[in-house]
Amino acid sequence: MSDEPLHLTVLGCATPYPSVDNPCSGYLVSSRDTRVWVDAGSGTLGPLQRHARLDELDAIWISHLHADHCADLLTAYYGALYSDIRLAAPIPLYGPPGIADRLAGFLTNTPARSPIESAFAVTELYDGHQAAVGSLRLTSRAVSHGIPAFAVRIETAGGSLVYSGDTAPCPSLTELAEGCDVLLCEAESTQAPVEGEQVHHTPEDAGDTARAAGAGRLIVTHVGRFLTPRQAVARAATRFDGPVDHAAPGTTFSTAHDGGGRTGAGDHQVNQPGVAE
């Protein structure tokens with residue numbers, strides 16, 4: 001694996017629908033010349049193109065099939081096959097079981113099934129799935145979201161990043177994140193439900209997961225509509241002693257190590273929890 005650090009660019013983090021200046025969940029993870037689009041929520045294809053065209057992606061990885069994490073695959077399909085993009089080969093697409101049929105069900109307009117596989121080379125995820133993508137190694141674990149859902153650990157010799165996808169706190173996420181440089185963890189819920197299944201983290205849960213895993217840095221993302229980023233960061237910081245940031249759209253973080261052994265953010269670092277309300 002490459003010793004180049006990982007770079008995480010936040011394309012969007014809104015839930016459950018885009019806001020004026022914030023698409024839904026989507027991230028570009030890159031190292032050297034390898035680029036992976038991680039989650040393709042509504043509106044993320046636009047800002048992705050500031051950094052990479054569809055034909056420059058090495059893979060797409062999808063955590064689960066809620067629209068705020070995968071809807072832009074629909075427009076990416078049209079871009080890949082029917083526009084100015086010329087793919088040398090279908091884009092490798094890693095996603096939950098049934099992802100190809102879900103896309104085809106929406107995109108097919110005639111008795112003939114839309115050629116999903118001409119745009120995407122689909123691999124269905126399972127608990128413990130591993131893949132080599134360019135200079136990166138991806139390991140996926142099943143997590144607790146009420147539907148098939150996955151978290152991913154992305155590694156090079158130069159660093160490790162774990163993305164929770166959407167999930168309640170669960171042992172598989174903590175195990176996956178053990179010793180990671182950066183934990184990108186959703187903090188959608190204001191509080192855990194009194195009744196019914198928990199399917200998201202609260203900010204405190206995100207801090208607990210980061211602490212239990214021994215993560216170097218916590219970045220909270222996918223903050224719900226009833227919390228501000230400032231509140232989510234402050235609440236997570238009550239449970240985790242390391243650096244805590246918010247995944248603000250357009251921000252880029254890096255796993256490059258500083259002298260103290262903690263991960264440092266990139267050119268758009270947010271060092272304090274004083275992010276915009």
Side-chain angles (χ1 to χ4, degrees), residues 5-15 19 21-31 38-39 41 44 47 51 63 151-155 158-167 169 173-174 176-190 200-225 227-277:
L6 288 167
H7 303 287
L8 166 70
T9 299
V10 182
L11 308 175
C13 63
T15 176
S19 59
D21 55 0
N22 187 9
C24 287
S25 290
Y27 312 89
L28 178 66
V29 178
S30 60
S31 182
V38 175
D39 273 351
T44 57
H51 311 279
S63 63
V152 65
R153 185 180 183 113
I154 303 176
E155 297 176 285
S160 56
L161 163 72
V162 171
Y163 169 50
S164 66
D166 279 4
T167 178
L173 175 60
T174 304
L176 186 69
E178 183 177 359
C180 68
D181 293 313
V182 176
L183 173 60
L184 177 65
C185 189
E186 63 106 329
E188 192 274 344
S189 294
T190 304
H200 286 287
H201 278 64
T202 67
E204 288 84 0
D205 290 332
D208 287 341
T209 296
R211 185 184 71 251
R217 176 182 296 274
L218 171 62
I219 304 173
V220 292
T221 191
H222 206 53
V223 174
R225 296 274 171 166
L227 287 170
T228 67
R230 182 188 298 274
Q231 290 169 338
V233 168
R235 287 172 55 171
T238 66
R239 304 290 186 89
F240 177 64
D241 291 335
V244 182
D245 297 293
H246 173 246
T251 303
T252 296
F253 299 90
S254 170
T255 62
H257 287 277
D258 62 25
R262 286 181 172 174
T263 55
D267 294 339
H268 300 88
Q269 181 175 0
V270 182
N271 288 310
Q272 303 296 332
V275 292
E277 295 280 2

A.B. asks: R235 versus L227: any side-chain heavy-atom pair under 4.5 Å?
C.D. replies: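 Answer yes - side chains close enough.
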A.B. asks: Would you call R153 and C180 a side-chain contact if the rule is heavy atoms closer than 4.5 Å?
C.D. replies: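 Contact flag for R153/C180 side chains = yes.
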A.B. asks: Report the C-alpha distance between S189 and T202 in whole Å, list the side-chain angles of each, state the deciding distance to 0.1 Å, and finish with yes or no for side chain to side chain donor-acceptor pair (under 3.5 Å).
C.D. replies: CA-CA 5 Å; S189 294; T202 67; over 6 Å; no
A.B. asks: With sequence neighbours left out, what residues match T167 under side-chain hydrogen bond (donor to acceptor under 3.5 Å, both in side chains)?
C.D. replies: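 With sequence neighbours excluded, T167 shows a side-chain hydrogen bond (donor to acceptor under 3.5 Å, both in side chains) to no residue whatsoever.
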A.B. asks: Please tell me if the side chains of T221 and Y27 come closer than 4.5 Å, counting only heavy atoms from C-beta onward.
C.D. replies: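 Side-chain contact under 4.5 Å: yes.
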A.B. asks: Among V182, D181, T209, L173, which residue satisfies the side chain to side chain contact (heavy atoms under 4.5 Å, CB included) criterion with V162?
C.D. replies: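 Of the listed options, the one satisfying the test is L173.
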A.B. asks: Hey, does I154 have a side-chain heavy atom less than 4.5 Å from the side chain of L8?
C.D. replies: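 No - every pair of side-chain heavy atoms lies 4.5 Å or more apart.
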A.B. asks: Kindly determine whether S160 and T255 satisfy side chain to side chain contact (heavy atoms under 4.5 Å, CB included), including the steps that lead there.
C.D. replies: CA-CA 7 Å; S160 56; T255 62; over 6 Å; no
A.B. asks: Please identify which of these residues, T228, V220, V223, meets the side chain to side chain contact (heavy atoms under 4.5 Å, CB included) condition with V233.
C.D. replies: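 Answer after filtering T228, V220, V223: V220.
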A.B. asks: Is there a side-chain contact between S19 and D21 (heavy atoms, below 4.5 Å)?
C.D. replies: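 In contact.
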A.B. asks: List for me each residue that meets side-chain hydrogen bond (donor to acceptor under 3.5 Å, both in side chains) alongside S25, sequence neighbours excluded, and say none if there are none.
C.D. replies: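 So S25 forms a side-chain hydrogen bond (donor to acceptor under 3.5 Å, both in side chains) with H222.
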A.B. asks: With sequence neighbours excluded, tell me which residues meet side-chain hydrogen bond (donor to acceptor under 3.5 Å, both in side chains) with D208.
C.D. replies: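 Testing D208 for side-chain hydrogen bond (donor to acceptor under 3.5 Å, both in side chains), a comparison that skips the adjacent residues, returns R211, R239.
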